Colleague: 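Below you will find the structure I want to go over with you.
Keep in mind that what you see is a predicted model, and the values were worked out from it rather than measured. The chains referred to below are lettered A, B, ... by the order of the sequence lines, with proteins before strands, and numbering in each begins at 1.
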Amino acid sequence: MSTVQESDQVVQRRANLEELRALGIDVYPRKFDATDTVDALVAAHGETPGEVLEATPIATRAAGRILGIRSFGKANFLVLSDGRARIQAYIRADSLPEADFRIFKLLDFGDWVGVEGTIFRTRTNELTIKASGLTFLSKCLLPLPEKWHGLTDVETRYRQRYLDLVVNPDSRRVFEVRSRVVTAIREFLIARGFLEVETPMMQAIAGGALARPFVTHHNALDMRLYMRIAPELYLKRLTVGGIERVFEINRNFRNEGISTQHNPEFTMLEFYQAYADYNDLMVLTETMFAEVARKAAGAEEVTFGEHTISLRAPFRRLPLREGARAAASRRLGIEVTEADLRSRERAAALAGQLGIEITDAMPAGKIASEIFERLCEDELVQPTFVCDFPTDVSPLSKQKPDDPETVERFELYMGGFEVANAFSELNDPVEQRRRFEAQLANRAGGDDEAHAMDDDYIRALEFGMPPAAGEGVGIDRLVMVLSNSPSIRDVILFPLMRPR
RNA sequence: GGGCCGAUAGCUCAAUUGGCAGAGCAGCAGACUCUUAAUCUGCGGGUUGUAGGUUCGAUUCCUACUCGGCUCACCA
C-alpha cells in the first residue's frame with residue numbers, strides 16, 4: 001500500500017494532531033511508565049467485586065490503543081486495548097487536570113494513550129480505570145476498520161496484518177496459540193535431553209526432501225545456492241557427530257504451489273533420536289502432541305471446522321498399503337490385495353480404474369502412495385499414523401528387516417492433511433548411495449523433484465551414523481488444527497502475496 | 001495452469017428490468033455527568049478494481065487485464 005488519499009477523516013486527524021502540538025504536547029513521546037498491562041488488570045481484577053475495589057483503591061498506570069470513545073459532555077469513556085484485553089477508562093472533566101481533558105477532546109479512534117487512575121466498577125458493573133491523568137502516546141492518522149464488524153476482507157487481513165490484529169481479537173489469539181505451540185514443543189524436547197541447533201538455510205545441495213527449491217547466488221564465492229527444503233541431512237550429520245538427541249525449529253522453503261495448506265516458506269520442527277526407531281517416535285509424538293494441545297489450546301480435544309479432534313494418545317495406526325487396498329476395494333467394489341499394490345503392472349491398472357494419472361517412470365510404491373493420497377487423505381481427520389511406506393518413495397528411510405519393499409516410516413495425518421513425517425533413518429552408506437542413484441534415475445525420467453546425489457552426506461554416513469529415528473512436524477499445520485484455522489495463511493503472520 | 005466466485009464511502013454491506021449510487025458504523029457540528037455497537041438532532045463523504053466495448057444512458061450487459069477467495073491439478 002502506498003499513499004492513501006487524504007480523506008476528510010485524515011485531514012481531521014492531522015488537524016487534531018497539530019492542535020495537540022500547539023498545546024505544547026510532545027505528540028511522539030519516548031516512553032510511558034506503565035505499572036500494569038490492560039491484560040494483567042483484567043486478569044487480576046476481572047472478578048473483584050466493586051465494594052472491595054472501593055474499600056481498598058488500587059492505583060494503576062496502563063497504556064493502549066483507543067478502540068472506543070463514548071462521550072457525554074463532562075463524563076466520558078475510553079476503551080483501551082493492549083491487543084489482548086480491553087478495559088475502559090472513565091474520563092471526567094473534574095477528575096483530571098484541565099490540560100489532560102483538553103487532550104481527551106482531541107483524541108481519535110485508534111490513538112495510543114496512557115491512563116493513570118484507580119480501579120473501580122461502574123453502575124453497570126464494568127471494570128474501569130477512573131482517570132486522574134491522561135498521557136498522549138501516539139497518533140493514528142488513518143481511520144481504522146469499524147469497531148463492530150471488524151475487518152473481514154481476507155486480502156486486507158493478510159496484507160495489513162497489523163489492522164487484523166488491532167480489531168480482530170481472534171486473530172491475536174491464533175498467534176498466541178502458535179507461540180505456545182512452539183514453546184511447548186521446545187520444553188517437551190529439551191526436557192528429554194534434546195539439543196536445539198540451527199543448520200544451514202542456504203545449501204549447495206537442496207536435500208532431505210523431494211521438492212523444488214528456490215535458487216539464489218552467492219556473489220563472493222560465485223556459487224549457486226539453494227534455500228533449504230529440509231534440514232534433514234545436516235541434522236543427521238550431527239547424529240554422526242554424536243549429538244544423540246537433536247532438534248531444529250526453523251523455516252523451510254519450497255518453490256511450489258500456494259494453497260490453504262501450502263506457503264512457500266513454512267516452519268518445521270525436525271528432530272532425531274539415536275537408538276530409537278519409528279515405533280518409538282510414534283509413542284513420543286502422541287505424548288508430545290497431547291501435551292502441546294493441553295498447553296497451547298487448553299485441552300486434548302479441539303474443534304476443527306465441523307470436527308472435534310482428539311489428540312489423546314494413542315493415535316490410530318494405519319499401514320499405507322492396507323489403507324490404499326481397503327479404500328480401492330470399496331471404491332471399485334472388488335477385492336484388492338496388498339500384493340496387487342506391490343506389482344507395478346497391477347498397481348498401474350488399479351490406478352487406471354480409479355482415474356488416477358500415473359507416469360511410466362512411477363514405480364509400484366509411488367503408485368500405491370498416489371492411490372492412498374487420493375482415496376484416503378481427506379478422511380484422516382482424527383490423528384492417524386499412516387505407516388509402512390513403500391521403499392521407492394522414501395529414499396532416506398530404513399527398510400523393514402523382513403520386507404525390503406517397505407520402509408519403517410510413518411506420516412501423521414490429522415484434520416485431513418499431513419502434519420508429520422518420520423522414519424527409522426537409513427544409516428547404511430552403501431544402501432543410501434543406491435537409493436540416491438535410484439532417485440537420479442527418476443530425475444532422468446523427468447521427475448524434477450527427485451533427490452539429488454549428496455556425496456558429502458554419504459561420506460558422513462561412512463564415518464558411522466548411530467541407529468536413529470527422525471521426524472519432521474509442520475508447525476503451521478499443527479497450529480491450524482490447534483487454533484481451528486482453515487487456511488495456513490491464518491497462522492502465518494505475513495503469508496506470501498503478490499505485490500499490489 | 002484450469003474452473004467457479006468476488007472487488008461499490010475509512011470499515012461492513014445494499015442498489016428492482018440497464019434509468020439521479022444508498023444504509024449502518026466511522027467523520028464533522030450540536031445536546032447530554034455511569035455509558036458500553038451509548039442515544040438524539042443536523043451535515044459532509046464515491047473516478048463503483050483497471051482498460052476498452054455495446055447503449056440515449058452501465059455498479060448492472062460484453063471483452064481483456066489486475067488482485068483476492070474457494071476448488072481441481074500440483075504438492076517429502
Colleague: On RNA chain B, nearest-nucleotide positions of A/S394 versus A/P499: which is more 5'?
Modeller: A/P499

Colleague: Any salt bridge between A/R374 and A/E370, counting N to O under 4.0 Å?
Modeller: no

Colleague: With the side chain of A/T260 defined as its heavy atoms from C-beta on, choose the nearest nucleotide among B/C32, B/U33, B/C70.
Modeller: B/C70

Colleague: Under 3.5 Å, is there an N or O donor on one side and an acceptor on the other linking the side chain of A/T122 and the base of B/U35?
Modeller: yes

Colleague: Among residues at least two apart in sequence or on other chains, which ones pass side-chain hydrogen bond (donor to acceptor under 3.5 Å, both in side chains) with A/T391?
Modeller: none

Colleague: How far, in whole Å, is B/A38 from B/A64 if one measures between their P atoms?
Modeller: 47 Å

Colleague: Taking the P atom of each, how far is B/U59 from B/U16, in whole Å?
Modeller: 12 Å

Colleague: Can you tell me, in whole Å, how much space there is between the C1' of B/G27 and that of B/C74?
Modeller: 48 Å

Colleague: Let's see if you can work this out: which of B/U33, B/C74, B/C11 has an atom nearest to the side-chain heavy atoms of A/R212?
Modeller: B/C74

Colleague: For A/A206 and A/Q203, which heavy atoms make the closest approach, and how far apart are they?
Modeller: CA-OE1, 3.9 Å

Colleague: Considering every strand and a 4.0 Å limit on heavy-atom distances, what is the contact class for A/D153: base, sugar-phosphate, or nothing?
Modeller: sugar-phosphate

Colleague: Between B/G30 and B/U35, how far apart are the two P atoms, rounded to whole Å?
Modeller: 24 Å

Colleague: For a quick test of reading the model: is some side-chain N or O of A/R70 closer than 4.0 Å to OP1 or OP2 of B/U35?
Modeller: no

Colleague: Does a salt bridge link A/D108 with A/K139, judged by any charged N lying under 4.0 Å from a carboxylate O?
Modeller: yes

Colleague: Answer with yes or no whether A/Q88 presents, from its side chain, a donor or acceptor under 3.5 Å of a partner atom in the base of B/U35.
Modeller: yes

Colleague: Taking Watson-Crick (N1-N3 plus N6-O4 or O6-N4) and G-U wobble (N1-O2, O6-N3), each under 3.5 Å, can you produce the dot-bracket string of RNA chain B? Use [ ] for crossing pairs and | for inter-strand ones.
Modeller: (((((((..((((.....[..)))).(((((.......))))).....(((((..]....))))))))))))....

Colleague: Nearest whole angstrom, please: distance from the P of B/A73 to the CD of A/E370.
Modeller: 10 Å

Colleague: Taking the basic N atoms (NZ, or NE/NH1/NH2) and the acidic carboxylate oxygens, is any pair closer than 4.0 Å for A/R331 and A/E379?
Modeller: no

Colleague: For a quick check of understanding: with a heavy-atom distance under 4.0 Å over all strands, which category does A/R409 fall into, base, sugar-phosphate or nothing?
Modeller: sugar-phosphate

Colleague: Thinking salt bridges, do A/D82 and A/R84 make one under a 4.0 Å N-O criterion?
Modeller: no

Colleague: Please determine, by modelled atom types, if A/N16 and A/Q12 share a side-chain donor-acceptor pair under 3.5 angstrom.
Modeller: yes

Colleague: Between A/A75 and A/L151, which is nearer to the 5' end of RNA chain B once each is assigned its nearest nucleotide?
Modeller: A/L151

Colleague: When the distance from CD1 of A/I66 to P of B/U35 is rounded to whole Å, what number comes out?
Modeller: 21 Å

Colleague: Ignoring hydrogens and geometry beyond distance, is a side-chain donor-acceptor pair present between A/T156 and A/D153 at under 3.5 Å?
Modeller: yes

Colleague: Sort out for me which residue in A/D170, A/V491, A/V181, A/D490 forms a side chain to side chain contact (heavy atoms under 4.5 Å, CB included) with A/S483.
Modeller: A/V491

Colleague: Checking all strands, does A/G208 fall into the base, sugar-phosphate, or nothing category for heavy-atom contacts under 4.0 angstrom?
Modeller: nothing

Colleague: For the side chain of A/V154, starting at C-beta, report the closest nucleotide among B/C34, B/U33, B/G68.
Modeller: B/G68

Colleague: Contact class for A/E357 (heavy atom, under 4.0 Å): base, sugar-phosphate, or nothing?
Modeller: nothing

Colleague: Between atom CD in A/E377 and atom P in B/C72, what is the gap in whole Å?
Modeller: 11 Å

Colleague: Distances under 3.5 Å only, N/O to N/O: pair up the protein atoms with those of nucleotides 26-28 of chain B.
Modeller:
unit_1, atom_1, unit_2, atom_2, d
B/A26, OP1, A/K147, NZ, 2.7
B/A26, N3, A/Q9, NE2, 3.0

Colleague: So which nucleotide from B/A38, B/G68, B/C75 ends up closest to the side chain of A/R159?
Modeller: B/G68

Colleague: Under a 4.0 Å threshold between the charged nitrogen and the carboxylate oxygen, would A/E98 count as salt-bridged to A/R102?
Modeller: yes

Colleague: Heavy atoms under 4.0 Å, any strand shown: does A/F389 hit a base, just sugar-phosphate, or nothing?
Modeller: nothing

Colleague: Between the side chains of A/K400 and A/D388, is the shortest nitrogen-to-carboxylate-oxygen separation below 4.0 Å, so that they form an ion pair?
Modeller: yes

Colleague: Side chain of A/F72, heavy atoms from C-beta onward: which of B/C67, B/A38, B/C34 has the nearest atom to it?
Modeller: B/A38

Colleague: Give one of base, sugar-phosphate or nothing for A/A209, where a contact means two heavy atoms less than 4.0 Å apart.
Modeller: base

Colleague: Looking at A/T156, does any N or O in its side chain come under 4.0 Å of the phosphate oxygens OP1/OP2 on B/G68?
Modeller: no

Colleague: What's the gap between B/C13 and B/U8 when it is taken at their C1' atoms, as a whole Å value?
Modeller: 10 Å

Colleague: Counting any heavy atom closer than 4.0 Å, what does A/V393 reach on the DNA or RNA strands: base, sugar-phosphate only, or nothing?
Modeller: sugar-phosphate

Colleague: Please state how far atom CZ in A/R157 lies from atom C1' in B/C11, giving the value in whole angstrom units.
Modeller: 14 Å

Colleague: Would you mind classifying the nucleic acid contact of A/E126 as base, sugar-phosphate or nothing, using non-hydrogen atoms under 4.0 angstrom?
Modeller: base

Colleague: Using the C1' atoms only, state how far B/C28 lies from B/C20, rounded to an integer number of Å.
Modeller: 26 Å

Colleague: Provide, to the nearest angstrom, the distance between the CZ atom belonging to A/F253 and the P atom belonging to B/C75.
Modeller: 22 Å

Colleague: Between B/U39 and B/A21, how many Å separate the two C1' atoms, rounded to a whole number?
Modeller: 29 Å

Colleague: Does OP1 or OP2 of B/C70 have a side-chain N or O of A/R489 closer than 4.0 Å?
Modeller: yes

Colleague: Whole angstroms only, please: what is the CG-C1' distance between A/D476 and B/C75?
Modeller: 15 Å

Colleague: Without decimals, in angstroms, what is the distance between A/R498 CZ and B/U66 C1'?
Modeller: 9 Å

Colleague: Quote, to the nearest angstrom, the C1' distance that separates B/C70 from B/A37.
Modeller: 31 Å

Colleague: Taking 4.0 angstrom as the limit, do A/E18 and A/R21 come out as a salt bridge?
Modeller: yes

Colleague: Side chain of A/R374 only, heavy atoms from C-beta on: which candidate in B/U12, B/U33, B/C74 is closest?
Modeller: B/C74

Colleague: Is the shortest side-chain N to carboxylate O distance from A/R237 to A/D456 below 4.0 Å?
Modeller: yes

Colleague: Atom CG of A/D164 to atom P of B/C11: distance rounded to whole Å?
Modeller: 14 Å

